[in-house]
> 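Pasting a structure below so you can have a look.
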Amino acid sequence: MALLFLSTPEREAVWRPIFEAAGERFIAGEDAVTDPDEVTHLMCWLPPQDLLRYPNLKVVIGAGAGVDHMPRMPEGVALVRTLAPGIDEMVRDWVVMATLMLHRDMPTYVQQARAGQWKGHAVPRARGTCVGIMGAGRIGALAARTLSDMQFDVVCWSRSGRAVAGAKVFAENGLDDFLAQADILVCLLPLTDETRGILDAALFAKLPRGASLVHAGRGAQLDMDALRQALDDGVLSSAMVDVTDPEPLPEDHWAWNDHRVFVTPHIAANTDHEEGARHALAVIRASRENAELPGKVDQDRGY
Ligand code: NDP
Ligand code: OXD
């Protein structure tokens with residue numbers, strides 16, 4: 001059993017000693033493979049074209065929380081995404097920051113500051129403001145708990161409508177009722193066939209007028225032209241987006257220069273190297289014991 005590691009030298013410097021200390025075989029780079037038969041696990045952001053070169057490959061471990069960029073795996077090869085508390089906490093922090101920035105009208109205050117204008121406006125309260133979170137998985141549920149502790153009213157929407165501490169939940173067919181309550185809409189959905197383009201004009205029209213958008217899912221979920229129109233029409237009042245399509249967002253894109261929109265360059269989280277390595281070890285141990293793989297992706301569902 002060996003892990004074929006296809007990632008950066010910085011990450012390798014952390015992973016290699018952890019694997020060596022655990023007594024696990026670690027091969028960095030395809031050029032270092034002398035016997036393809038020994039490769040049972042592969043870690044990468046994107047796998048090499050020819051996975052059939054490794055006849056005993058059992059699991060591909062994606063380097064991030066999202067796996068929407070991954071191809072379908074060959075028959076018999078499982079796909080696992082990285083589970084790391086650091087990813088969940090970092091995205092939660094970004095979502096809380098974005099929610100507060102829009103809730104406390106930073107678009108207006110940043111614009112006023114640029115003009116040297118000292119002018120206060122009514123101060124809104126968290127209590128009575130509803131944050132609607134699309135996607136109530138690891139990250140959505142964590143963000144929901146924190147925002148609820150901060151006294152926001154929190155509603156969540158997911159396929160299953162599974163319970164989330166501190167939040168009222170809506171299942172797939174409750175989308176319209178969910179949207180009708182969301183003063184601040186947060187998207188933390190994985191990118192799948194069902195969620196591609198979900199943040200569009202029709203969806204924005206179902207939100208309370210003047211709602212705000214916080215988007216940290218994937219760029220291809222958001223129709224940027226529809227966002228601009230919704231802002232111009234007063235359907236939305238502000239937005240903060242961490243993910244765009246394409247990435248990087250072109251230099252001349254309107255969103256960079258629109259005071260109602262904050263763009264960050266997909267930095268809500270990155271995977272802590274040590275947590276990633278420990279997760280990969282847990283995956284290898286689970287597959288050795290034929291146990292459930294932590295972070296196993298349902299490849300039919302897409303997440
Ligand atoms: P999870 O798989 O734990 O949660 C996904 C949630 O989305 C689940 O609640 C799931 O519902 C729900 N969902 C999926 N498809 C649908 C659908 N069609 N309709 C309604 N609900 C749906 O994922 P994570 O919380 O770990 O991560 C979510 C996403 O966040 C990642 O896929 C990635 O795209 C993004 N991300 C972004 C980062 C950044 O830096 N900007 C960093 C990390 C992640 P159910 O509970 O019923 O299964
Ligand atoms: C991830 C990401 O999926 O960084 O981990 O977006």
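Note that these values count all heavy atoms, side chains included, but never hydrogens, waters or copies made by symmetry. Start at 1 and go down the list; that is how both ligands and their atoms are numbered.
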> Would you call Arg16-Glu24 a salt bridge at under 4.0 Å N-O?
no

> So do Val59 and Val77 actually touch side chain to side chain, heavy atoms under 4.5 Å?
no

> Heavy-atom contacts under 4.0 Å between Arg218 and ligand 2: side chain, backbone, both, or neither?
side chain

> Below the 3.5 angstrom mark, is there an N/O of Ala65, backbone or side chain, next to an N/O of ligand 2?
yes

> Is the NZ or CZ atom of Arg301 positioned over Tyr303's six-membered ring, under 6.0 angstrom from the centre and within 45° of the axis?
yes

> Salt bridge check: are Arg196 and Asp223 linked by an N-O gap of less than 4.0 Å?
no

> Under 3.5 Å between any N/O of Gly66 and any N/O of ligand 2: does that happen in this structure?
yes

> Listing by chain and number, which residues have a heavy atom under 4.0 Å from ligand 1?
Ala65, Gly66, Arg81, Ile87, Val91, Gly135, Ala136, Gly137, Arg138, Ile139, Trp157, Ser158, Arg159, Ser160, Arg162, Leu188, Leu189, Pro190, Glu194, Thr195, Ala216, Gly217, Arg218, Asp242, Val243, His266, Ala268, Ala269, Tyr303

> According to a hydrophobic-cluster definition based on side-chain heavy atoms being under 4.5 Å apart (Ile, Leu, Val, Met, Phe, Trp, Tyr only), do Ile133 and Leu185 belong together?
no

> Salt-bridged, Asp68 to Arg81, with N to O below 4.0 Å?
no

> How does His266 reach ligand 2, if at all, at less than 4.0 Å between non-hydrogen atoms: by side chain, backbone, both, or neither?
side chain

> List in chain and number order the residues that pass salt bridge (Lys or Arg N to Asp or Glu O under 4.0 Å) with Arg278, two or more places apart in sequence or in another chain; answer none if no residue qualifies.
Glu274

> If we only count heavy atoms from C-beta on, is the Trp45 to His69 side-chain gap below 4.5 Å?
yes

